[in-house]
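Residue numbering restarts at 1 for every chain, and letters A, B, ... go by the order of the sequence lines. On a predicted model such as this, the values are computed, not experimentally measured, just so you know.
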Amino acid sequence: MATNSDQLHGTLDMLVLKVLEAGEQHGYGIAVRLQQLSADVLRVEEGSLYPALYRMEQRGWIASTWGVSDNNRRARFYRLTRTGRRQLEAERASWRKLTGAVARVLEA
Amino acid sequence: MRVLRILGQRLRALVRREAVTGEIHDELQHHVDLLAERLEKDGRRPDEARREARRRVGNLGSLQDAGYDVRGGGRLDEVWHDVRYAFRLLQRHPAFALVAVLTLGLGIGATTAIFSVANGILLRPLPYPDADRLAMVWMDNARIGLAEDWHSFPNIQDYRDGSATFDHLAVFNRAGGTLTGVGEPERLTGAHSTANLFDVLGVRPALGRAYTDAENEAGNDAVIVLSHSLWQRSFGGRDDVLDQTIELSGRQRRIIGVMPESFAFPARDTAFWVPTALNENNRVSRNSLWLQAIGRLKADVSVLQAQADLARVNAGILEAFPQQKGYGIYVVGYHDQIVGAVRPAVLVLAGAVAFVLLIACANVANLLLARASTREREVALRSAIGAGRGRIVRQLLTESVVLGSVGGLVGLGLAWLLLRTLIGLAPATLPRLDAIGIDGRLVLFSAAVSMLTGILFGLAPALQTAGVDPGRSLKDGGRGSTGVGGRLRAALVVGEVALAVVLLVGAGLMVRSFQRIQQVDMGFDTTGVLTARVTLAGARYQEAPAVVDFYTSLIERTAADPSIEGAAGIGTVLLSATPNSTNFSIEGRPDFAPDEAVEVPVDSITPNYFAVMRVPLVRGRFFDARDSSAAASVVIINQTMARMFFADEDPVGKRIKYGQLASNAPWMTIVGVVADTRRTGYDAAVRPETYLPHAQSTTGSLQIVVRTTGDPTRAAPALRGAARVLDPLVPLSAVGPLEDELGELTAQRRLNTVLLSVFGVLATLLAAVGIYGVLAYSVQQRTRELGVRLALGASASGILALVLREGLLLSGLGLIIGLAGAVALSRTLTSMLYDVGATDPATYLAIAGLTVGVGLVACGIPAVRALRVDPVVALRGE
């Protein structure tokens, strides 16, 4: 059974990957998008976001390049890699399994 | 792939650290900016928004650190830091650094040099395409016990037609020739071969063409292919040299091709190639053994398979021609043929130099261990502030690897110097001499060896140092005990001594062996003798009387010079392994059975040859003026022949003839028996030999020997002058002291002995330094104890005994282990030893004495220092 922080890590990673599935984005944009998509429920701490991004980049799930943002600023953009896509699917599947199981237990 | 990418990332971070940290900073700053903007838009004041954004993004510093942890140099960073620290340490302790680097440089340099020799000789492929398919085919002559004898042409044809294992089989042999008409007449060594030699070797001429099968017919064969160096030397490298005619040994030949520069078959000095002239006689005669053979094996055929296959064909020949009995077949890979003889020596030297390297490593390890105790404090500190044991070990190992690498650089330079010296000293007969050199592979090898030695000698000290208990050593003030370290150091020194002893024994055996060889009585006196080859060619010397006249006049004129004691001539002084030989029969006895027939070499000599060479006469007389071409045929035999065939009677007066009884060779009367001479070398058996007077068996190529008092080269002008007067067009070649020619026989052995001795001495010096180091350190550690002893009244001899006992214990233990090891390992030397057993007691005893002596000397300085300890200072001080 994964520890709490591992599970937390894993969840954040999955969410970030999902956001990036829609397209390239920089760190701030990812945080904003997550907030939007979750109807303001999920607010990521910057202290967790960037280490997560760096970690996922090292694992090869996302790749980053310098680019120009909407307001013509230099920003580091992240995008999903093929490995990342696969990872996202895997995480999705395992999340569904987990929540399904939890729901069954709670409803029982 | 991922690993590579991460490695690349780390390397980049290493090299451009600020860029990477800057990037992380920029990224986070961007986030802060955007957040601040958003907060402003939500209604906050700009500076408040900024502060709030900052606060939310959190501790920029720790985020940056986290980012750098993932994106930055990581482990590589640590390694780079360790490397820089290691260099600083070396600078701070120059004496230690110098000693360590020099020791390592010596070990690594010698190892690289020798391994580069081994690489060139044993490993580098020959410069022919698919060279592993090339194989020499020899005639295994059981009649004279020679496994590598020459073939007759019909036999080779049968092998060629009947074998299933060869793609091509060509014949060749060396051919001499005098080149005239192009500058000075020059005596050249070349080769003749069948046209398919170039197919076998897979090399085509760089210019023009090689000869064809049609040109292998006697009469059609007036063509010649030049070597690159001959083309450059005598023809200026001109492109229009093709189709020109030159005169070789009085015969006109058309130049049809020039070989590439790297082509040198069968020997390095082969200057030309001509077609083997096959005539109706040598094409069918199975008795003329005059050809060597080399072939290209089919793919996937091994040498052994080829051997079996040709043996089968040979069996067929023996059935059809029973008088070929005793002639077998022997196939050997061409590379083996060339290097087989020196392989054992090269391997022994490689092993020896590896020993030297191990000893050097042990010495440096000892140095590090000695420093370990002084570094305890530093290590304890590191460990106290959080460095794990692994990290500390990694740091210490990095220091060793850096040390090893610096030593390796020094070693590489040393290796280059050593190689140049070795190549200069190497005998010209050393196979694959041209393949020896430092190339990229060797540099990599040297680098790998340096790093490995770094780890090797650094591991134990690193583990030992890192294992120090930080609390205890910090409290103790950094002067912890070195119990374990002391034992390790002692073990290392014992090991060093043992290795050095093994090397010394090996060297000692080789030296004794060499001495024995030099004491061998060759049978003739070679000191003060000049030799030169004089070959006559051309229309003037077609008839025997002209040839005899020339040589007789040459000898007379040369000997007329007052400084010359005498001059004479012979076909060749030293015999090759395959001399011109023939069987013979004795009058009054039946023919020898085919497998009993003994073949004897035949040499033409001028009458005074034995007198000039100081070979004693055993019976009868030497040749003299009586034995002219008109007189009865005479022959001189040597003692071995007399012993073998005339054991119970006086050979003088008996008659023999070459060939069988029915042959139409003339009967020759034996007029004299001379003492045996070792003409094939120190360790070859003496064969029965026959000699004929030059007047009766005239040859146009003689080796002239000139005896003089003092330096033989001073006789050269007299000889050259006499030759020039008689005929300025006759070339003299191979002019030099006869001793040099003999020296060539032992040149390789001499080189091996010298190298092994150098290694032995080097190893001994290093081991002595090792002993000294351990004892000096021990004395220093025991200063207090020695002070106490002296204060309590110990005598000087008592103190001396204390130190010496420790030293002798170390060297003694090492000696015993070394002697045991030497007994086990010296067996590998037996093939290289002459007349000396691998367990020769005298050598072992001498080395044992030497070791004890060196051990005592190494103890000397520490012992004297121990005596000088001032008890007051020792007891008071720390």
Side-chain angles (χ1 to χ4, degrees), chain A residues 5-6 8-9 12-13 16-17 19-20 24-36 40 42-87, chain B residues 1-14 16 18-42 46 49-77:
Chain A
S5 81
D6 281 350
L8 240 42
H9 271 176
L12 179 59
D13 289 355
V16 169
L17 288 176
V19 167
L20 289 178
E24 273 194 353
Q25 195 48 266
H26 52 67
Y28 180 74
I30 295 176
V32 163
R33 195 96 182 94
L34 261 176
Q35 215 179 318
Q36 280 177 350
D40 238 4
L42 297 176
R43 265 215 355 194
V44 182
E45 295 294 316
E46 283 75 2
S48 329
L49 175 63
Y50 282 97
L53 285 173
Y54 299 151
R55 202 176 48 242
M56 285 191 281
E57 185 176 0
Q58 193 177 32
R59 291 219 189 105
W61 298 345
I62 59 182
S64 70
T65 37
W66 284 108
V68 180
S69 70
D70 300 338
N71 33 14
N72 279 334
R73 275 221 190 80
R74 187 164 166 264
R76 192 122 186 136
F77 283 84
Y78 294 89
R79 68 171 198 285
L80 201 58
T81 63
R82 208 159 359 130
T83 327
R85 235 171 263 280
R86 280 204 291 267
Q87 181 67 21
Chain B
M1 267 326 289
R2 202 178 69 125
V3 176
L4 279 177
R5 187 166 42 83
I6 294 181
L7 193 65
Q9 206 177 47
R10 296 249 191 250
L11 275 173
R12 177 171 171 263
L14 201 66
R16 310 196 57 222
E18 297 81 36
V20 173
T21 39
E23 277 178 13
I24 299 175
H25 174 90
D26 286 349
E27 184 178 6
L28 292 170
Q29 188 60 44
H30 174 250
H31 191 119
V32 168
D33 291 344
L34 286 180
L35 191 55
E37 274 176 25
R38 223 267 309 273
L39 287 173
E40 251 192 79
K41 227 184 299 176
D42 283 350
R50 201 141 268 282
R51 238 180 309 142
E52 174 68 18
R54 261 256 153 72
R55 189 192 62 83
R56 285 222 210 144
V57 172
N59 188 348
L60 267 178
S62 80
L63 272 180
Q64 269 195 250
D65 283 345
Y68 194 76
D69 269 348
V70 169
R71 286 225 185 113
R75 282 258 178 96
L76 270 184
D77 223 11

Salt bridge (Lys or Arg N to Asp or Glu O under 4.0 Å) between E23(B) and R74(A), intermediate numbers included:
CA-CA 10 Å; E23(B) 277 178 13; R74(A) 187 164 166 264; 5.2 Å; no

Answer yes or no: is there a side-chain heavy-atom contact under 4.5 Å between [X] and [Y]?
X	Y	value
Y54(A)	E27(B)	yes
D26(B)	W66(A)	yes
I24(B)	Y50(A)	no
H30(B)	S69(A)	yes

List the residues meeting side chain to side chain contact (heavy atoms under 4.5 Å, CB included) with A31(A), not counting sequence neighbours, and say none if there are none.
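Checked A31(A) against side chain to side chain contact (heavy atoms under 4.5 Å, CB included); matches are L49(A), H31(B).
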
Which region of T83(A), side chain (C-beta onward) or backbone (N, CA, C, O), has a non-hydrogen atom less than 4.5 Å from a non-hydrogen atom of chain B, or is it both or neither?
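Neither the backbone nor the side chain of T83(A) comes within 4.5 Å of chain B.
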
Could you tell me which of D33(B), L35(B), L34(B) has the largest number of non-hydrogen atom pairs under 4.5 Å with chain A?
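That would be L34(B).
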
